[in-house]
2 protein chains.
Amino acid sequence: MTLGEPPPRSPRNRPTMREVAALAGVAIKTVSRVVNEVPTVDPAIAARVRDAADKLGYRPNLTASSLRRGDGRTATIGMLVEDSANPFSAALTRTVENVARERGVLVLVGSLDEDPARERELARALIDRRVDGLVIVPAGRDHSYLISEQRSGTCMVFVDREPSLLDADTVVSDNRRGALTAVNHLLKAGHRRIAYLGDRATIPTAAQRFDGYRHALEVAHIEYDDEIVRHTGASEESAIAATERLLALPNPPTALFTSQNFVTIGAVRALRALGLQDTVAHLGFDDFPLADLLSPGISVIAQDVEQLGRTAAEMLFHRLDGDQSPTRTVTIATRLIERGSGEIASGGSSEITSGGSGEITSGGSG
Amino acid sequence: MTLGEPPPRSPRNRPTMREVAALAGVAIKTVSRVVNEVPTVDPAIAARVRDAADKLGYRPNLTASSLRRGDGRTATIGMLVEDSANPFSAALTRTVENVARERGVLVLVGSLDEDPARERELARALIDRRVDGLVIVPAGRDHSYLISEQRSGTCMVFVDREPSLLDADTVVSDNRRGALTAVNHLLKAGHRRIAYLGDRATIPTAAQRFDGYRHALEVAHIEYDDEIVRHTGASEESAIAATERLLALPNPPTALFTSQNFVTIGAVRALRALGLQDTVAHLGFDDFPLADLLSPGISVIAQDVEQLGRTAAEMLFHRLDGDQSPTRTVTIATRLIERGSGEIASGGSSEITSGGSGEITSGGSG
DNA sequence: TCCCGTCGAGTCAACGTTGTCTCAGCGTCG
DNA sequence: CGACGCTGAGACAACGTTGACTCGACGGGA
């Protein structure tokens, strides 16, 4: 087996400061000064250096720079989300990206798919690249593996779900109060038999929303009924099946509260398949595109994703700027958006409001 | 003005190989070998080193490593999309991320918002961080600024739109054929007056789709009528306005072909506002979530986003593996998905198909 | 027994950049 | 007219790591 020449793989012959310096006839350090816009360089020399740099197509090497620099900053942050393709994660990422861009910082994105192992793996991969900070929508329930990173000076902010076994800044939606508002809204429309459909109860946000549901019933002196509560996973299919089974009960619910996006959409599909979309009231947690275009429009408790993302990013950058204050948890209010499905009165008589999207703020605390 | 102590900003006191080496009582190089799993290390020593590393919470510094290493790889690629929050970009990003993950590569994401200046700026920012390669959904019409980067060994693949003034690998949807299929489908339902609503004609994909529209009419011997063609921007608002104006014409179209996502949704809104959603046929380019839940369901020409992303990522990694073959342009087929709105017959009589989503492949070439 | 090959660990320099220090030149002031 | 301060440029080392090389120990064959 003759070994051919090693694959010619491009030699990565990128010009360096050394070459720019040689061409401009100055010392490397002078090129460094020009590149970093240090003002104590003779304008004529600076111009010569810039010409040389342009001629060679020189681009500074930020990895080398960050290695040498005192602060070791890479002007890069890491963002771990559930799935960068889903609307919630995508919107969150975009908001963080916007804040980061104002500071010349880029964002490394990773999707966790609810896998705690992947969370650890990707967090490590980001840390190995020496990101300046992390924004994490966690998948796992044990973040102690980040303690040493935190001590080593990596800033991190958790979003949407609180960290466990770790003290870190956090930004969450007011899930409990949002769910409470949702159920109260259905109660106000006269419903007494309100089903709960949500994600697995092990997921903290799902648990909090479920808690809000139970609390609302309790306050209204309605007995909790296990039979109309389903913790399906976050998939349309299981939500469809669960909804169908619920509505086939001898004593079916007259209203549904679905506490997660895909569950909401599954329920919508099931209701339509059964022709019950104008009979059974339905309120979902989390807004989704085109919810207003369906008929009836789907009433939801909307999270303020923009606010979540912006707050998280700003907290992170404050820390990077040296903020040493104790960690905080910021709770972002949710908003009830009435679109029709949540205003169907008990008894099945449709009682759709004016059609606008009346918006009622609920929850929220510093 | 007394200068207080400089902000305490965490000293970034991350343990290095030096400290691990000291604790394990070996040379730095040995630590390097253990970290890189070089097999010629005595297992007992390797274990001691790993213990020391764990004890200190040591994590290798990939930026330093990539600086020193021969290939200079950072195990990071850059991805520039239109807007990481929109479903097309998000799905594309996710697919690329998946392929990258198989190789331990992370993805830096940037949104361009159709701004060519931002494209250049972010491309440079990525290159300055020495990403191994770039996946670009370009916003600009002049990519000559990347020629020198290409020569310096940065691999790049364009997606969705072809590069200009630059020779690079490209993956695109078969926009022209997709549009042709769309219009033919409307013609088959008996329409002779088919309006075109699309993004600005300066955007290459929009131009190609418009071209397909014109070509289909030409083949069908239908005279082109400027009056029912609108190049609105990619915003719902302008699409709504344009649709309303179209349908208020003395001789309004009986069918709409909308060649972009937001335009499609704008048209849907306008048709519903006018109560014409079951009268005027409507076919959109680009699928969107819940299109099947509307009534009527919105028929679309769907792009195979997964295939676009996967192909682009694989081409990029092939290049990174040393592929030196001439650049290629791969065209991905689109698919007609019938959901009702596109099957409304001319004359306004609704003629909705069985409800399933019949899917017909169109276009496609190597 | 001696030489040489092998194997495993260590030394040294370098990747591209920047912080620190030095130094030449020049203008100014006593 | 000389000392001194200031300004702007260069020399040098170092960031954390790895490639190339060195070196000592050990084992086997002559």
Side-chain angles (χ1 to χ4, degrees), chain A residues 6 11-49 52-53 56-75 127-132 152-153, chain B residues 6 11-49 52-53 56-75 127-132 152-153:
Chain A
R12 286 246 161 204
N13 49 350
R14 221 166 235 304
T16 69
M17 278 192 178
R18 176 199 242 48
E19 289 153 67
V20 176
L23 183 58
V26 298
I28 293 186
K29 184 73 229 230
T30 301
V31 178
S32 169
R33 281 196 259 260
V34 173
V35 167
N36 290 289
E37 295 175 317
V38 172
T40 66
V41 179
D42 182 55
I45 294 185
R48 218 165 68 221
V49 169
L56 294 175
Y58 171 79
R59 289 265 84 209
N61 185 333
L62 245 58
T63 67
S65 164
S66 94
L67 181 61
R68 184 59 184 86
R69 276 192 134 92
D71 57 10
R73 293 287 168 82
T74 53
I127 285 161
D128 292 355
R129 283 165 182 77
R130 294 298 184 268
V131 292
D132 299 334
S152 300
Chain B
R12 287 243 160 208
N13 50 350
R14 223 167 232 302
T16 69
M17 278 192 179
R18 175 199 244 50
E19 289 154 66
V20 176
L23 182 59
V26 298
I28 293 186
K29 183 74 227 229
T30 302
V31 178
S32 169
R33 281 195 261 259
V34 172
V35 168
N36 290 287
E37 294 176 316
V38 173
T40 65
V41 179
D42 182 57
I45 296 186
R48 218 165 68 220
V49 169
L56 295 175
Y58 171 77
R59 288 265 85 209
N61 185 331
L62 246 58
T63 67
S65 164
S66 94
L67 181 61
R68 183 59 183 87
R69 275 194 134 92
D71 57 11
R73 292 285 168 83
T74 53
I127 285 162
D128 292 354
R129 282 165 182 78
R130 294 299 184 267
V131 292
D132 299 333
S152 301

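Naming: A, B, ... by sequence-line order, numbering from 1 per chain.
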Requested in this report: Compare all side-chain heavy atoms of A:Y58 with those of A:M17 and state whether any distance is below 4.5 angstrom.
Outcome: yes

Query raised in the report: For A:R73, does its backbone N or O pair with a side-chain atom of A:D132 as donor and acceptor, under 3.5 Å?
Result: no

Query raised in the report: When all nucleic acid strands are considered with a 4.0 Å heavy-atom cut-off, which category describes A:S32: base, sugar-phosphate, or nothing?
Result: base

Query raised in the report: Of the candidate nucleotides C:dT18, D:dA9, D:dT18, which contains the atom at the shortest distance from the side chain of A:S65?
Result: C:dT18

**Report entry** Closest to side chain of B:I28, choosing from D:dG16, D:dT18, C:dT17
**Finding:** D:dT18

Query raised in the report: When the distance from CG of A:D42 to P of C:dA24 is rounded to whole Å, what number comes out?
Result: 20 Å

Report summary line: Taken to the nearest whole Å, CZ/B:R69 to P/D:dC15 is 20 Å

Report task. Check whether the side chain of B:K29 and the base of D:dG19 form a donor-acceptor pair under 3.5 Å. Result -> yes

**Report entry** Whole-Å gap separating P (C:dA13) and CZ (B:R68)
**Finding:** 12 Å

**Report entry** Sub-4.5 Å side-chain heavy-atom contact between A:N61 and B:L67
**Finding:** yes

Report task. Would you classify A:A27 as touching base, sugar-phosphate or nothing, given that sugar-phosphate means primed atoms plus P, OP1 and OP2, and contacts are heavy atoms under 4.0 Å? Result -> sugar-phosphate

Report task. Specify the separation, in whole Å, of atom CZ of B:R130 and atom P of D:dT17. Result -> 20 Å

**Report entry** Nucleotide nearest B:T30 (side chain, heavy atoms from C-beta), chosen from C:dA9, D:dT18, C:dT18
**Finding:** C:dA9

Query raised in the report: Within the modelled atom types, does a donor on one side and an acceptor on the other bring the side chain of B:R33 and the base of C:dG10 under 3.5 Å apart?
Result: yes

Requested in this report: Determine the contact category for A:V35: base if any of its heavy atoms lies under 4.0 Å from a base atom, sugar-phosphate if only primed atoms, P, OP1 or OP2 are that close, otherwise nothing.
Outcome: nothing

Query raised in the report: In whole angstroms, how far is the P atom of D:dG16 from the CG atom of A:D71?
Result: 13 Å

Report task. Determine yes or no for a side-chain-to-main-chain donor-acceptor pair under 3.5 angstrom, with A:R129 supplying the side chain and B:A75 the backbone. Result -> yes

Report task. Please determine, for the side chain of B:V41, which listed nucleotide (C:dT18, C:dA9, D:dT18) has the closest atom? Result -> C:dA9

Requested in this report: Could you check how far CG of A:N36 sits from P of C:dG16, rounded to whole Å?
Outcome: 17 Å

Query raised in the report: How close or far is atom C1' of C:dT18 from atom CG of A:L67, stated in whole angstroms?
Result: 10 Å

Query - Inter- and intrachain pairs under salt bridge (charged side-chain N to carboxylate O under 4.0 Å, His left out), touching residues 57-69 of chain B, at least two apart - result: A:D128-B:R59

Query raised in the report: Given D:dG16, D:dA9, D:dG8, which nucleotide is nearest the side-chain atoms of B:N61?
Result: D:dG16

Report summary line: A:M17 CE to D:dA9 P, in whole Å, measures 15 Å

Requested in this report: Looking at every strand, decide which applies to B:L62 at a 4.0 Å heavy-atom threshold: base, sugar-phosphate, or nothing.
Outcome: nothing

